[in-house]
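See below for the structure under consideration.
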Number of protein chains: 2
Amino acid sequence: MRLSAKAEYGVRAMAVLAFYYRGGPVSLRAIAEQEEISLKFLEQIFPDLRRAGLIHSVRGSRGGYMLSRSPGNIKVGDIVRAVEGPITPVSCLSESGEEPCCHRKGDCLTRQVWEKLRDRINDVLDEVFLSELIDLKPAEILK
Amino acid sequence: MRLSAKAEYGVRAMAVLAFYYRGGPVSLRAIAEQEEISLKFLEQIFPDLRRAGLIHSVRGSRGGYMLSRSPGNIKVGDIVRAVEGPITPVSCLSESGEEPCCHRKGDCLTRQVWEKLRDRINDVLDEVFLSELIDLKPAEILK
DNA sequence: CTAATCCCGACAAAAAGACTCGGGTATTGT
DNA sequence: ACAATACCCGAGTCTTTTTGTCGGGATTAG
């Protein structure tokens, strides 16, 4: 029951972007140094975030990344799902696989537990917004 | 964010034991056949369940396993934690590791999210009892 | 005694995870 | 124009975890 390092780093990196929201683009190099994460690994994570529409990039010198909407509008769940794909506690809940949970016919009672688990995990991750992760007083956050 | 196959198989196997609760010991071979799980893999899972006090074993011919308490007293969370160890969504929450979450000093706001996630996962898994997983009318369950 | 069963540790194959490497392309400051 | 700074992309590699397998030893019913 582990989150991947990608998800963890993704959240931390996005928190940095939230901190510098509206301060111009932030380079991956800066994030990598501040958070002590491999630059090359970050480069692998950020395309996922961009494809999910959470950030947009500025290319070229002095370029970098910035949030595409305010930190109060981005959920931790958005970030985790962007880099990890949909939450699927067990294989039978993946939309691609479609393999049966147990080989029991009819409704599988165990499956319902896993569905409940999946929903709750999504709920928790969607309760927390990026704005809550940065150490600023509410007044300091640029809306 | 995946549960291991061990956890999944463990729950299914325990559901079988719940079904035959008070019907004498059930052999691993029988469980393996009914649930289509490798016998040798089950042999690896059951010591964990026994060490957690969820089942007790009867050795020798005609032996097998039986629940050590009623299905209404065993939570899915008990089973999952028995075979997977404690739920730790990120490495910094493991009691052995003790590595810092981010390298930020003081209280890490991100850590609180992971703690909340961990607690909620445990909550969900502890809400469901083994008795709810077997397809018997309430009257048919032996107390 | 024999067959069934739990028990244990080592081993192995496969998959996933966590990066690394080597370039390519766009943009900007000088 | 040119070099420096970044993003961009795909392949490759190393490590760890997962998912088993294998062989045999201990225990008990019949």
Side-chain angles (χ1 to χ4, degrees), chain A residues 1-13 16-17 20 24-33 35-52 54-66 68 80 83-85 88-91 94 96-97 99, chain B residues 1-10 12-13 17 20 24-33 35-52 54-68 80 83-85 88-92 94 96-97 99:
Chain A
M1 221 48 198
R2 276 271 170 100
L3 232 45
S4 68
K6 280 178 76 169
E8 210 181 319
Y9 293 166
V11 171
R12 277 165 59 191
V16 174
L17 289 192
Y20 296 113
V26 182
S27 73
L28 280 193
R29 178 180 306 274
I31 298 174
E33 280 169 9
E35 291 293 322
E36 291 175 17
I37 299 172
S38 151
L39 172 61
K40 277 300 192 178
F41 198 29
L42 276 182
E43 278 187 342
Q44 198 172 350
I45 296 170
F46 270 65
D48 292 332
L49 297 169
R50 188 170 48 84
R51 274 187 284 270
L54 301 177
I55 56 179
H56 63 87
S57 59
V58 179
R59 302 183 65 156
S61 183
R62 298 275 177 168
Y65 291 94
M66 51 215 318
S68 57
V80 171
V83 299
E84 288 216 327
T88 53
V90 297
S91 55
S94 70
S96 57
E99 31 184 341
Chain B
M1 222 45 198
R2 276 271 170 100
L3 230 45
S4 67
K6 280 178 76 169
E8 208 181 320
Y9 292 168
R12 277 165 59 192
L17 289 192
Y20 295 113
V26 182
S27 74
L28 281 191
R29 177 179 307 274
I31 298 174
E33 280 169 8
E35 292 293 322
E36 291 174 19
I37 300 172
S38 148
L39 171 62
K40 279 299 193 177
F41 198 28
L42 276 182
E43 279 188 342
Q44 197 173 350
I45 296 170
F46 269 66
D48 292 332
L49 298 170
R50 189 169 47 84
R51 274 188 283 271
L54 301 177
I55 54 178
H56 63 87
S57 59
V58 179
R59 302 182 65 157
S61 183
R62 297 277 176 162
Y65 291 94
M66 51 215 320
L67 297 184
S68 58
V80 171
V83 300
E84 288 215 330
T88 55
V90 298
S91 55
C92 67
S94 70
S96 57
E99 32 185 340

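Residue numbers begin at 1 in each chain, while the letters A, B, ... track the order of the sequences.
- A:Tyr65 comes within 4.0 angstrom of sugar-phosphate atoms only, judged by non-hydrogen atoms across all strands, and of no base.
- A donor-acceptor contact shorter than 3.5 Å is absent between the side chain of B:Ser57 and the backbone of B:Tyr65.
- For B:Thr88 (side chain) and B:Ser91 (main-chain N/O), no donor-acceptor pair under 3.5 Å exists by modelled atom type.
- Residue A:Tyr9 places at least one side-chain N or O under 4.0 Å from the OP1 or OP2 atom of C:dC19.
- For A:Glu36 and C:dC19, the CD to C1' distance is 17 Å, given to the nearest whole Å.
- Going from atom CZ of B:Arg2 over to atom C1' of C:dA16 covers 11 Å, rounded to whole Å.
- In this structure, A:Glu84 contributes its side chain and A:Leu3 its backbone to no donor-acceptor pair below 3.5 Å.
- Smallest separation of non-hydrogen atoms from A:Gly63 and A:Pro25: C-CB, 3.9 Å.
- B:Phe41 has its side chain within reach of B:Lys6: a pair of non-hydrogen atoms, C-beta onward, lies under 4.5 Å apart.
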Which pairs, protein N/O on one side and nucleotides 8-14 of chain C N/O on the other, fall under 3.5 Å?
unit_1: C:dC8; atom_1: OP2; unit_2: B:Arg50; atom_2: NH2; d: 3.3

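- Note that CD of B:Glu8 is 9.0 Å distant from CZ of B:Arg2, once rounded to the nearest 0.5 Å.
- In 5' to 3' order, the nucleotides of DNA chain D bounding all contacts with chain B (an atom under 4.0 Å from a heavy atom) are D:dT19 to D:dA29.
- Separating the OH atom in A:Tyr9 from the CD1 atom in A:Ile31 is a distance of 14.0 Å, to the nearest 0.5 Å.
- Residue A:Val58 comes nearest to A:Met66 through the heavy atom pair CG2-SD, 3.9 Å, listed as atom of the first residue, atom of the second, then distance.
- Put simply, CZ on B:Phe46 is 14 Å from C1' on C:dC7, counting in whole angstrom units.
- Of all heavy-atom pairs between B:Gly10 and B:Ile45, the closest is CA-CG2, 4.2 Å.
- When all heavy atoms are compared, the tightest approach of B:Met1 to B:Pro89 is CE-CB, 4.4 Å.
- The NZ atom of A:Lys6 sits 14 Å away from the P atom of C:dA16 (whole-angstrom rounding).
- A straight line from CD1 of A:Ile45 to C1' of C:dT20 spans 14 Å, rounded to a whole angstrom.
- The CE-P distance, from B:Met66 to C:dT5, rounds to 14 Å in whole Å.
- When each of A:Glu33, A:Lys40, A:Glu35 is paired with A:Ile37, the side-chain contact (heavy atoms from CB on, under 4.5 Å) condition holds for A:Glu35 and for no other.
- Near DNA chain C, meaning a heavy atom under 4.0 Å away, the residues from residues 54-64 of chain A are A:Arg59, A:Gly60, A:Ser61.
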